[in-house]
Amino acid sequence: MKYNPSLIEKKWQKKWNDLEIFKAKIDYNKPKYYVLEMFPYPSGAIHMGHVRNYTLGDLVARYKKAQGFNVLHPMGWDAFGLPAENAAIENNTLPSKWTYSNIEIMKIQLKQMGLSYDWDREFATCNPDYYKFEQKMFIDFYKAGIAYKKETIVNWDPIEQTVLANEQVVDGRGWRSGAEVEKKKMKGWFLKISDFAEDLLHEIDNLKEWPDRVKIMQRNWIGKSNGATISFSINNSDDKVEIFTTRPDTIFGATFIAISPQHPLSFKIAINDNKANDFIKVCERQSNKAEDLEKADKLGYETSFTVSHPFKKEINLKIYIANFILMDYGTGAIFGCPAHDQRDYDFAKKYSLDIIPVVANDNIIPYTGDGLHINSDFLNGLDTKEAIDLSIKELQKLGIGKETVTYRIRDWGVSRQRYWGCPIPIVFCSNCGEVPVPEDQLPICLPEDINFDVKGNPLESHPTWKKTRCPKCNRNAVRETDTFDTFFESSWYFARFTDLNHSKAFSDEAFKYWMPVDQYIGGVEHAVMHLLYSRFFMRALKFVKTIDLKEPFTSLQTQGMVCHQTFKTQKEKWLFPNQVIRKNNTFFHINTKEKVVAGRIEKMSKSKKNVIDPQQIIQTYGADTARLFMLSDSPPNRDMEWSDSGIEGSWRFLNKLWNFVIKLETENIDDNLPTNLSKSHKKLLAMLNITIKEVTKSIDNFQFNIAVASVRSLFNAISSYEILNNDDKSVILHNVKKLLILINPMVPHIAEALWENLNEKIIIANERWPEADESFEEKDIIKIPVQVNGKMRAIIEVQKDLNNDQLKQIALKEKNILKFLNDTPKKIIIVPNRIVNFVI
RNA sequence: GCGAGCGUGGCGGAAUGGUAGACGCACUGGACUUAAAAUCCAGAGUCCGAUAAGGACGUGGGGGUUCAAGUCCCCCCGCUCGUACCA
């Protein structure tokens, strides 16, 4: 019988489904385990990134089930978003139609992978049955004062009459229209994530099972700074300008003041100063991406205003409007100290401003480190810490400054001027102002009769949708036409999975039982925003007393990208890998036979065509081969390279495994170990138990590639064992059965099929994970390297646990050691059971 | 620009500060075959050496700590992710 994946995979998928093996139910007699992979955007087809992500999650889910946990492993669809609107415009369809048909296709594809989901919990976030709950949440937030409206600046495409996402702005122009993007002030809804900044920062320390790099990125994103605010009086004016600094100790090195182009004072100055006005306009035309702002040349406009130095009244500091000062951070204004700040230094050089060093150092300019203060009046001689404390004290005495903590994190803007998102449940009444929609009038559903031929937001141009009555006074009123940022949906979907069929977003019981998510797995690109928003959202729900939980994800694993080589024709046109054929390390076009330029290995992307369609792979090799390859090559958190030979290797292994088990003679043989074990039996059993330990440890550590390698080693040992008698057959059967349980989470279909072939009545998905039996381990004889001056010169085989002197004597008998020891060693370092090192 | 991560044979990768290269891919030789594919067996970091014994070099580059560094510290280079309206 040949290994035929398409046959066995269909069979076992059906069986799991019929027997409801993966249906999750609350069971207080078992420890629960909630495994979740980041749910996909329904773009139309699954890609290798999905295959990788969901294979990793499925391994964990099946492994934990085998360890006796009550596992919840759900899947759904992050269904709102820009691409649906783009598709609607391009294909003259509706976003809902496009989205739901994509979901249908992708669901079929996911099912072919044999993933252990409880499909009864599936949902799409674009369904009112989902988004109605977040409308209620938003109203709760609004009533609790953590949702508010404020003005922001957006990218405006004057031709499309629409707001553009940063992604849709290419070189300062709208991607579709090509029009120069304008900056437009607009009111939008915000959530007060900054109110929770301290807690979000502080609790990172308790996320013990999160990768350090993600925690560091979140800490930096929140960006807590201790410093001071100082209020400067503007000369010949009643106005003041308040600045924030983390280095009040460098106040005597201040040589200018810089304020943001969006600072209220800038606008005030611009009223009577056309050049200032022009400068602000120039700054507004700049990209508002942080990245571009920082990279842009530092520009400043010298206003006619000055402030006097708080401690040296005779010194006046000019006020500049400067493009690198962000209105959102601190107070939107700084004092410039060029000797001790890189950006201030660049600015001072450009505008020929004074540079006064105030922290002693070896003539490094700018010097941003600590040191003793000079040129600083009452701060002279103090170190940085002392000088910061004293300067704040003195500023406080003058009543113009105080210690201040600022955070870099800004409030979360959740408004989008788009159709395909959750409507924000607010009504605007000329009499009552903004009024939240009463709960009994929810959900506010999206209209289906929309027209994308009209420019701008279809909700805005819809003939009737936004017209309504004020819930308070019943007069004519209009609905909010903004919809939520799609991060809103993904900030609580994991809670919805705990209980789909409830009049509330989720039942208290199910939430308490299943949450938090024990293992969350997804792309590292979500390290900050999605994960931080989700952490915030739990706090916000706790704040409005919906739940009592702060941290949604106990353990987090981030996966790397799936990459592939790129190919181009001689004329620089991208080619799909299946258009290219390889001959003797040179690549040719499969049809034209023209030579092909092999490019760099890059992240799989449609634009570069370096994609492999998972469908094709599953059709050719089956899901198990695809899954095995996903696990075997690279550690999950690193980028992996898709290679055709790699997938062939996985295919070959499964065939070897299949053929070996199918041909096993198991008639009248059971897997109980014979009473008299031979030396080779013991050796194989030792190998088995090392493998069990290794695979268990590797899975716990998320090193699935090592788990696969260990299983392969065990299989090599089993398959090369010479079977002579029935005792041998028993030992081999014993090993094979354990091996099948070990690989079941990786390649579940073949594991089930072979399990059944061994006449097992129960399915392997319900089998218990094996325990390692360490009594089989051979531990009496060990190999110890012997070094001379740290270089390995010999290996000695010795009894375990010999003392230092015994080890030394044995080591000194080695010919090669004596050859290198022409002197008495100065020092001998011996670590028992590990190493002997002679130092000469 | 800023923040974070990564860099080990021809390739993917393995290695509590203690034998660098597990396991796999590609490769080479052999067996089987009329032949090929598949399969099985063997070899293999590079260089010197005889195909041996053994040695020299070797984890992006440069320096340092240590009896001992892929691993720890400092500097540099390259690549990747994020950078707040892509998801």
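The sequence lines fix the lettering, A, B, ..., with proteins before strands; numbering per chain opens at 1.
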Would you call A/F715 and A/F653 a side-chain contact if the rule is heavy atoms closer than 4.5 Å? yes

Which part of the nucleic acid, if any, lies within contact of [X], taking any heavy atom under 4.0 Å across all strands shown: a base, the sugar-phosphate backbone alone, or nothing?
{"X": "A/W412", "answer": "nothing"}
{"X": "A/V528", "answer": "nothing"}
{"X": "A/I409", "answer": "base"}
{"X": "A/R410", "answer": "base"}
{"X": "A/M640", "answer": "nothing"}
{"X": "A/I829", "answer": "base"}
{"X": "A/F487", "answer": "base"}

Would you please confirm or rule out a distance under 4.0 Å between OP1 or OP2 of [N] and any side-chain N or O of [X]?
{"X": "A/S634", "N": "B/G12", "result": "no"}
{"X": "A/R793", "N": "B/G55", "result": "yes"}
{"X": "A/R638", "N": "B/C79", "result": "no"}
{"X": "A/R712", "N": "B/A22", "result": "no"}
{"X": "A/R343", "N": "B/G1", "result": "no"}
{"X": "A/N659", "N": "B/C40", "result": "no"}
{"X": "A/N220", "N": "B/U83", "result": "no"}
{"X": "A/K289", "N": "B/U83", "result": "no"}
{"X": "A/N705", "N": "B/A14", "result": "yes"}

Side-chain donor or acceptor of A/R416 paired with backbone N/O of A/G413 under 3.5 Å: yes

Quick check with a 6.0 Å cut-off and a 45 degree axis cone: is A/R793 positioned over the face of A/F820's six-membered ring? yes

Hey, does the Lys NZ or Arg CZ of A/K192 hover above the aromatic six-ring of A/Y148, less than 6.0 Å from the centre and inside 45° of the axis? yes

Give the B/S/- string for nucleotides 41-52 of chain B, one per nucleotide from 5' to 3', where a protein heavy atom under 4.0 Å of the base yields B, of only the sugar-phosphate yields S, and otherwise -. ------------

How do A/E294 and A/K791 order along RNA chain B: which one's closest nucleotide is nearer the 5' end? A/E294

Test of ring centre spacing under 6.0 Å for A/F347 and A/Y345: no

Without decimals, in angstroms, what is the distance between [X] [atom1] and [N] [atom2]?
{"X": "A/Q703", "N": "B/G12", "atom1": "CD", "atom2": "P", "result": "18 Å"}
{"X": "A/F484", "N": "B/A87", "atom1": "CZ", "atom2": "P", "result": "15 Å"}
{"X": "A/F838", "N": "B/A68", "atom1": "CZ", "atom2": "P", "result": "16 Å"}
{"X": "A/M630", "N": "B/G12", "atom1": "CE", "atom2": "P", "result": "17 Å"}

How are the rings of A/Y493 and A/F39 set to each other: parallel, tilted or perpendicular (split at 30° and 60°)? parallel

Taking the six-membered ring for Trp, are A/F702 and A/F704 parallel (under 30°), tilted (30 to 60°) or perpendicular (over 60°)? tilted

How would RNA chain B look in dot-bracket form, 5' to 3', counting Watson-Crick and G-U wobble pairs with both distances under 3.5 Å and writing | for bases paired to another strand? (((((((..(((.....[....))).(((((.......))))).((((.....))))..(((((..]....))))))))))))....

Can you find a donor-acceptor N/O pair under 3.5 angstrom joining the side chain of A/Q787 to the base of B/G18? yes

